[in-house]
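Here's the structure, in C-alpha cells; my notes come after.
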Amino acid sequence: MGVVIFFTISAWFFLDKEQTIKSNLKRIWILECEVLFWSLALMAFFLVFDRADFGMKTIVRSVAPTIMGMWRYVIAYATFLALLPFLSKGLRALGERTHYALTITVLTIGVFMFNVFSTSSQRFSTV
C-alpha cells in the first residue's frame, strides 16, 4: 500500500518539470549506484559477522542487486522512472482536476484491495 501511495505522490511532483528518457535513465543509474553501494556494504558486514547464511548466491545478488531482484521496491521504482516520461505526457493530457480524481481513485482502490486481500498479520506487521 505504501508503494502505491509513494508512486502516486512521486508522479504528482515529478510532473512539475519535463520528464525525458535521458534524465530518468540518469536517475535510474544514480539509484543503481546507491543501491550497489549499500548492497556491497551489507555484504561486507555479513561476511564479517554472519557467515552462516553467506554463499555464492548472496555474492551474486549483492553485486547486481537490481537485476537479481534483491529489493523489489528498487525494481518497481526503476520501472516507474523508466515509464515516467510516457506516463507524464498522459497525466498532463488529463489536466489537473482529472489527475486529482485519478489519484483519489487509485488510493481508494488501493486501500480497499489492501484491506480485503491482506490478512490481519500482513496489515499490522512491522517487518
So, Gln19 and Arg27: side-chain donor and acceptor under 3.5 Å apart, yes or no?
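Gln19 vs Arg27: donor-acceptor pair found between side chains.
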Distance-only donor-acceptor check, side chains Thr108 and Thr105, under 3.5 Å:
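Checked: Thr108/Thr105 side chains show no N/O donor-acceptor pair below 3.5 Å.
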To the nearest 0.5 Å, what is the distance between CD1 (Ile59) and CG (Leu40)?
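With rounding to 0.5 Å, CD1 (Ile59) is 11.0 Å from CG (Leu40).
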Test side chain to side chain contact (heavy atoms under 4.5 Å, CB included) on Leu102 and Leu91; report intermediate values, then the result.
CA-CA 9 Å; Leu102 175 65; Leu91 291 174; 3.8 Å; yes
Take a 6.0 Å sphere around CD1 of Ile67 and say whether it holds more than 12 heavy atoms from other residues, nucleotides or ligands.
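Incorrect, the count does not exceed 12.
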Just so I know, are the side chains of Leu42 and Ser62 near enough to count as touching, which here means a heavy-atom distance under 4.5 Å?
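With C-beta onward as the side chain, the pair stays apart.
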Does the side chain of Pro85 come within less than 4.5 Å of Glu18's, by heavy atoms?
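No; the side chains remain at least 4.5 Å from each other.
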Report yes or no: does Ser23 contribute a side-chain atom to a donor-acceptor pair with the main-chain N or O of Thr20 at less than 3.5 Å?
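Looks like yes, one N/O pair under 3.5 Å.
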Give a yes or no on whether the backbone of Ala82 and the side-chain of Asn24 come within a donor-acceptor separation of less than 3.5 Å.
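Side chain of Asn24 to backbone of Ala82, a donor-acceptor pair under 3.5 Å: no, none is there.
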Are Ile75 and Leu87 in one and the same hydrophobic cluster, where Ile, Leu, Val, Met, Phe, Trp and Tyr link if side-chain heavy atoms are under 4.5 Å apart?
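No, separate clusters.
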Quick check on the hydrophobic clustering: are Val74 and Ile30 connected, directly or via other members, by side-chain heavy-atom contacts under 4.5 Å?
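No; Ile30 is not reachable from Val74 via cluster members.
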Could you check whether the rings of Tyr73 and Tyr77 sit parallel, tilted or perpendicular, using 30° and 60° as the cut-offs?
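Ring orientation, 0 to 90° scale: parallel.
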Kindly give the heavy-atom pair with the smallest separation between Ala78 and Ile28, and that separation in Å.
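Minimum heavy-atom separation between Ala78 and Ile28: O-CD1, 3.4 Å.
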Start with the C-alpha gap between Trp71 and Ser39, add the side-chain angles, then the distance that decides, and say whether side chain to side chain contact (heavy atoms under 4.5 Å, CB included) holds.
CA-CA 10 Å; Trp71 293 300; Ser39 178; 3.8 Å; yes
